[in-house]
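This structure is a prediction, so every number in the text was calculated from the model and none was measured. Sequence lines set the chain letters: A, B, ... in the order given, protein chains first and strands last, and positions in each chain run from 1.
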Amino acid sequence: MSTQNHRLNIWQRLHIDLPLLFGILALMGFGLFVIYSAGGEDLALMERQLVRMGLSLVIMFIVAQINPEVLRRWAFPIYLAGIVLLLGVHFFGEINKGAQRWLNLGFMEFQPSELIKLAFPITMAWYISKFPLPPKKRYLAGAGVLLLIPTLLIAKQPDLGTSILVAASGIFVLFLSGMSWAIVGTFIGGVLAMLPVLWFFLMHDYQRTRVLTLLDPEKDPLGAGYHIIQSKIAIGSGGMWGKGWLDGTQSQLEFLPERHTDFIFAVIGEEFGLIGSLLLLAIYLYVIGRGLVIASRAQTSFARLLAGSITLTFFVYIFVNIGMVSGLLPVVGVPLPLISYGGTSMLTLMTGFGILMSIHTHRRFIDR
Amino acid sequence: MHDHAAEASLFKRRALFTFACVVILLGILLTNLYHLQILSYTDYETRSNDNRIRVVPVAPSRGLIFDRHGKLLAENQPFFSLELIPEKVKDVPAVLAELSTLIPLSADEQEDFQKSLKYHRRFKPLTLKNRLSESEVALFSVNRHRFPGISVVAGLKRHYPYNGMMTHALGYVGRINDRDRAALQRNDLWKNYAATKDIGKQGIEKFYENLLHGQPGHLEEEVNNRGRTIRTLKSVPPVPGQDIYLTLDLKLQEKAVELLNGRRGSVVAIDPRDGGILAMVSSPTYDPNLFVHGISSKAYNELLNSRSRPLINRATQGQYAPASTVKPHLALLGLEEKTITAKTRVWDPGFWQIPGVERKYRDWKRWGHGWVDVNSALIGSCDTYFYELAYKTGVDKIANFMQPFGFGERTGIDIFEESAGIMPSKDWKRMRYNQPWYIGDTISVGIGQGYWTTTPIQLANAAAIMANKGKRFVPHLLKSIKDSTAKINSPVDEMAPIELKNPKNWEIINNAMRDTAHKKRFKDATYSAAMKTGTAQVISVAADAKYDADTIDEHLRDNALVIAYAPFENPKIVLAVVLENAGWGGANAGPVARALLDEYMLRDSWESIQ
């Protein structure tokens, strides 16, 4: 059978997956709605966010045109370039808010960790899918090296949020590849054993404070605990139905910090209540489900692993952000995907969705 | 090499597993949200409201004070101050410099202001200058477009239009200090004063603070995280303090002040029919308005250290030997105890001796009054008659008899500044000095001297009881309280009357007082009156020395006293006048009493006023 026999509709020709696009647009629409309120009805702010959304949709569309085979071939060189750039940041980067994340390229500032976020799962999928699955133990050492280098470089910046996301994307590839449960168990045990090391040797003071604050935010209600307390008050006072759009007192009267960026979920909780939160989680679940369906239908192991990893990383964003804003997890700089105001993460995420669409629409419809 | 089908199915299993994990983790998030938004909703809602709602107390306006005829004695005057909102003024020094061309602002004032600016919230108005004059307000208003962020703000301050005329009765208000706050907290009233700046410090203002103050209102304001007011959610207006009417008669008070003319002394006038105080003067006085705006320490020290003691309320705190003004009461005692009768006659050679003792107690008249009975003894104020009377009666009987007339006890007037005076007795002397009582002490008490001291209000009150033939009231200043609609008379505090064994004795004494008045001082009066004068020694004069007012230090000269009432048949006003170191009572205090009774009795519209 050949592809010519198969009728392609207009969306497939454009390499767009309509169900996924629908979910993405729903989230973006929801986001705009909330940012209008959280940003104090600032139209200029809305305009910038709209431009970013448009731009990232275009990027997604362009990426969707690229055959996954191309990505597979270029994955490792891009990864290496990313590592070099991370080292560049380490030695020449700009310090911003106490963290060294930015590389000044002269014409623009650039966060190499965002590039790694994309390149790393591709590399991992490329590396693992070279071997028959489930992977043999001896290949895992290489995977471990691939994973540790960027994770540690980013954690050192320090950018705990991104390093968690990067590590997670690699681990997802390994897990989905069918790594034996024994290894999974060993790994989890290892991570738990590493926690004290992490606490005493690797974490910065401010990170330790964040963890302690999570356990008892009332200890320092005007200092470290302020974010979490105000955020929980916002969410809790929203109740079942919320205070109504533009009527959230915590956000409108500026008690809530970072309300249109990392803490935007608190605005949703306050203004739309449990019902609004439930609606948002439902859309997210739908997008994740669609991503996993795309992954399952992919025809190569590389595509499956990559699609699965991208989708699950998307979930990590959601879980870490909402967990942090509602007081379950320490404060880590992870935005609420496709809702929070800000461009970098949106571009990265939409590139990922572009890859998902590419994977889904470049199938060759052949029976193996 | 690759088993595609196996790899695909392995992936599907793993993908399904991870999806299940995703659902479980989202479930954990939702459980947490349910906990926050449903189970703890009330708690978080309260905390959210605590964040955003600020309750701002609003001070009630203080009740006004009127005299008995509705003349305003204490009012609330608008005063204007300049306020600046820091965030609306870019260059404060430049603006202040420009402003000072219109309204005088000294370099010190400007510097002080800029200092306090540092510790002030940017959006909260800060007072730039207090007590603007009307012309300054006008000048600023015309030019206000030049000064964005600066505005004139009106407030209310207590003002006493008659200045020092009745300071000691009215008292004054002043800034609430730590002691006031502690007292309010003790009485659980502090919450009512959240927005109040001033409180009654003395006199009526202090005694009736609870009536005058009122209930505060409040505004519920929505604020943002920096405390800026966004809007007012709710407004509960304050309940103003109650207006009160005093028993004081402004014209009589005015006349008394004029008659004292700054001399040290006191006048108390009481309406014997209900105990209402018609006039209460303590002289010299001071301007209570000084205290309202915060008196300078220099001015305060001057008042405090002045030899004439203006801060003391002589009417209620000044303790004077009553001298001959209590002879009517002593005579009444003699009649009641049958120590004397109306006809008892005594020979006065100009002195009196305790039987068997050499020492002579001199009469004020060196050559003596000759034969005197009770009537002529009162008219002539014969000391010898009363030496003998006191000697025969004994001090404890005197003290017991005088107590219901209010001697030696606070009258209970409705101001806090009051002294009890001293009604001496054997027990008293033992307690006070740990000394036995000597006969000579009794002799001095017999002419209202020695240990016996009274306040002018006590004298007036005792005179009123005499004029009333035993009917007694607690002297008071509050006449009525204005409710939202009507004036409600405050209840008159009548005490059990003094019952004599022989009520005719009242007449004998009062008749003698009438005769005293009409013999000389009220000879030409068109109304009937009664009086008794007194001259109190401030120093004791040796038995044979001659008292010469001209050669003696002013502060050691005799105090002049008088009690008087009118009309005789149906008394409407009773007076006590004390002039410190003025000399003879009859000659110095007498004219004051006459002029005051004239003022009160001879008013054209006397009936219409009543």
Original post:
Is A:Ser309 reaching over with its side chain to a backbone N or O of A:Phe172, donor-acceptor style, under 3.5 angstrom?
Top reply: no

Original post:
Taking the six-membered ring of A:Trp181, is the NZ or CZ of B:Arg13 close enough (under 6.0 Å from the centre) and on axis enough (within 45°)?
Top reply: no

Subject >> B:Arg52 to A:Phe255, cation-pi by 6.0 Å centre distance and 45° axis angle >> reply: no

What residue, out of [options], has the most heavy-atom pairs lying under 4.5 Å from chain B?
options: A:Ile235, A:Leu292, A:Thr311; value: A:Ile235
options: A:Gly178, A:Ser129, A:Gly308; value: A:Gly178
options: A:Leu328, A:Leu312, A:Ile322; value: A:Leu328
options: A:Gly239, A:Ser296, A:Gly327; value: A:Gly239
options: A:Gly242, A:Gly323, A:Ala298, A:Gly273; value: A:Gly273

Answer with side chain, backbone, both or neither: which region of [X] has an atom nearer than 4.5 Å to a non-hydrogen atom of chain B?
X: A:Phe319; answer: both
X: A:Leu256; answer: neither
X: A:Ile233; answer: both

Original post:
Any side-chain heavy-atom pair from B:Leu84 and B:Phe113 closer than 4.5 angstrom?
Top reply: yes

Residue among [options] with most heavy-atom pairs under 4.5 Å to chain A:
options: B:Thr46, B:Leu30, B:Asp43, B:Asn49; answer: B:Leu30
options: B:His35, B:Glu222, B:Glu45; answer: B:Glu222
options: B:Val22, B:Ile28, B:Val223; answer: B:Val22

Original post:
Taking atom CG of A:Leu27 and atom CD1 of A:Ile283, what is their separation to the nearest 0.5 Å?
Top reply: 5.5 Å

Original post:
Would you say the ring centroid of A:Tyr127 lies under 6.0 angstrom from that of A:Tyr139?
Top reply: no

Original post:
Which residue, A:Glu270, A:Gln230, A:Glu271, forms the side chain to side chain donor-acceptor pair (under 3.5 Å) with A:Gln250?
Top reply: A:Gln230

